[in-house]
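Atoms considered below: every heavy atom in the structure, side chains included; atoms not considered: hydrogens, waters and symmetry mates. Throughout, a chain's letter reflects where its sequence line sits, starting with A, and its residues are numbered from 1.
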Protein chains: 2
Amino acid sequence: MITGQKTTPTKNIKTLQVIQSEVENSNRIALSVDCIIFGFDEAKLKVLLIRSDLKKYAGKWSLLGDLVFPNEDLDAAAYRILKQRTGLSDVYLEQVSTFGTVNRHPAGRVVTVAYCSLINVQHHKLNILDNELHWHDIKNVTDLAFDHQQIFDTCLQQLQKRVQEHPLGFNLLPKKFSLRDLQNLYEAILGIKMDRRNFRKKFFSMDFLIDLNEMEQDVPHRPGKLYKFNFEKYEKRKKKWIGIDF
Amino acid sequence: MITGQKTTPTKNIKTLQVIQSEVENSNRIALSVDCIIFGFDEAKLKVLLIRSDLKKYAGKWSLLGDLVFPNEDLDAAAYRILKQRTGLSDVYLEQVSTFGTVNRHPAGRVVTVAYCSLINVQHHKLNILDNELHWHDIKNVTDLAFDHQQIFDTCLQQLQKRVQEHPLGFNLLPKKFSLRDLQNLYEAILGIKMDRRNFRKKFFSMDFLIDLNEMEQDVPHRPGKLYKFNFEKYEKRKKKWIGIDF
DNA sequence: TATTTAATGTGTAAATTAAACACATTATTG
DNA sequence: CAATAATGTGTTTAATTTACACATTAAATA
């Protein structure tokens, strides 16, 4: 609750007091987790943000965060928050980095651990009950609350690196996808244009795609073939993946 | 002090009480930093360890750690600990990962942030006043206290990755080194043998080595040429570095 | 229904990078 | 002065990456 995204102002004030007394009286530091939830939709890479309700950052967007419970594993806290916010549980989730400058949070000393997750906007249809929660095109993410812009930038960079070593991208796509979908995803994540023939060649040579012998439906042009990712085969031989310099 | 490496038993007991009361009474989690200090000597990659003085881990070795002060930036805490233990300040230091399972520390809930640093054993001659502090060949690091084995393994893996992207290795060598020294370093870090001609070719082609027109002294064989690393030139064009699959 | 449109689907050649591999040279040691 | 143990050096082959163009298909439109 320290990070304040879904709390009432009253709760925030209380938390502020608690933390400030800690800072003065003991050797204590509050610990939170922030989740950077990437999704892919309309050929754009998006990130899930919530409107900050701290006065200091009124109108700004922030990451989904919460305090870690004292009897809760750090990883478990990240999964809990992801589930709380999106209803999702069976997704890729990875610790990225920890941010701990003294004044990063206005409510007191809060060190936060950033976790990155990739979810499938189309497939999972997460329940956004809270209308303060929205998907943002990463190109428009420029001025987040707290130090969340820095955290976001770090996570995006890490995603760009990781996606070149492991086929994480498939977690962002629907189960059935065309090669154009896949290439759009990579272009959106890496922010570059890629050669279509070389792209296809590379993925076919990896031999992780299963041809479904189905075609796209309802596209306003020649439909492409649909594929699914062979997760079993991939798990068997995890190794360095495609390497595009950037 | 929670991690207990340089404290008296009395201090440890006190800390234990403090943390246990926290865990029971409030939403608090203690935060520490552990430093994984790599060095290179006698053609071996080494890590600096201290003997644990917690009874539970009597006789075992552990990493250098300490609590983060409430008014201290996380990065600053890592530099402080490194300086306290070794006297060094102007070295490469990087956050690796945060470890936060509930029962990782016997004294209570302590989440720790691991930082990795690379120091130059020959050049800096750090003052090991405490004779419970020793350099260990990484090959012999097998059974550390707490979850420090896991932390160490993670850091070594990260070092292996990083060293293939950035010339961190030079921080481990003396200012003047031979190409044999350099290759020994890479072989020690990566745990593989490399082809001498290809290795030299790769480094010369990167054009970061400055030929000092000096030769090794006091070696029991034909002396090699000495070089230094061109840090200025490297800083100007940071980019992806050598890439050896592993 | 024929034409246009906008995408899919495919192969090869050149350039770059990585890997394999052997012998002459030099200083030290005995 | 002979033996030793290391340094120093190039070329060839294989593998990977990059650049690049045209026929095909289905939908949309005239």
**Student:** Less than 4.0 angstrom between a side-chain N/O of B/Lys201 and OP1 or OP2 of D/dT9, yes or no?
**Tutor:**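 Checking D/dT9 against B/Lys201, no side-chain N or O comes under 4.0 Å of OP1 or OP2.
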
**Student:** Measure the acute angle between the ring planes of B/Phe199 and B/Phe203, then classify it against the limits of 30° and 60° as parallel, tilted or perpendicular.
**Tutor:** tilted

**Student:** In whole Å, what is the span from the NZ atom of B/Lys225 to the P atom of C/dT26?
**Tutor:** 12 Å

**Student:** Round to a whole Å and report the spacing from CE of B/Met215 to P of D/dA6.
**Tutor:** 16 Å

**Student:** Quick one: B/Arg200 CZ to C/dT25 P, roughly how many Å, whole number?
**Tutor:** 16 Å

**Student:** Starting at CZ of B/Phe203 and ending at P of D/dG8, how long is that distance when rounded to a whole Å?
**Tutor:** 15 Å

**Student:** Expressed in angstrom and rounded to an integer, what is the separation of A/Met194 atom CE from D/dA19 atom C1'?
**Tutor:** 15 Å

**Student:** Is there a donor in the side chain of A/Thr154 and an acceptor in the side chain of A/Ser97, or the other way round, less than 3.5 Å apart?
**Tutor:** no

**Student:** Once you round it to whole Å, what is the distance between P of D/dT12 and CZ of B/Arg197?
**Tutor:** 14 Å

**Student:** Consider only side-chain N and O atoms of A/Gln149 and A/Asp153, and report whether a donor and an acceptor are under 3.5 Å apart.
**Tutor:**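 Their side chains do contain a donor-acceptor pair, which is all the 3.5 Å distance test asks for.
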
**Student:** May I have the distance from B/Asp181 (atom CG) to D/dG8 (atom P), rounded to whole angstrom?
**Tutor:** 11 Å

**Student:** How do A/Asn198 and B/Ser178 order along DNA chain D: which one's closest nucleotide is nearer the 5' end?
**Tutor:**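 Per heavy-atom nearest nucleotide, the more 5' residue is B/Ser178.
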
**Student:** Assuming nearest nucleotide by heavy-atom distance, tell me which of A/Asp195 and A/Arg222 is located more 5' along DNA chain C.
**Tutor:** A/Arg222

**Student:** Would you say D/dT17 has OP1 or OP2 under 4.0 Å from some side-chain N or O of A/Lys202?
**Tutor:** yes

**Student:** Given atom CD of A/Glu216 and atom C1' of D/dT25, what is their separation to the nearest angstrom?
**Tutor:**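 Answer to the nearest Å: 13 Å.
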
**Student:** Main chain of B/Ile50, side chain of B/Glu132: is a donor-acceptor contact present, judged purely on distance under 3.5 Å?
**Tutor:** no

**Student:** Answer yes or no: does a side-chain N or O of B/Arg180 lie under 4.0 Å from OP1 or OP2 of D/dT7?
**Tutor:** yes

**Student:** What pair of heavy atoms forms the shortest contact from B/Trp135 to B/Val121, and how long is it?
**Tutor:**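 Closest approach of B/Trp135 to B/Val121: CZ2-CG2, 3.7 Å.
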
**Student:** Given D/dG8, D/dA28, C/dG9, which nucleotide is nearest the side-chain atoms of A/Pro220?
**Tutor:**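 Looking only at heavy atoms from C-beta outward on A/Pro220, the closest nucleotide is D/dA28.
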
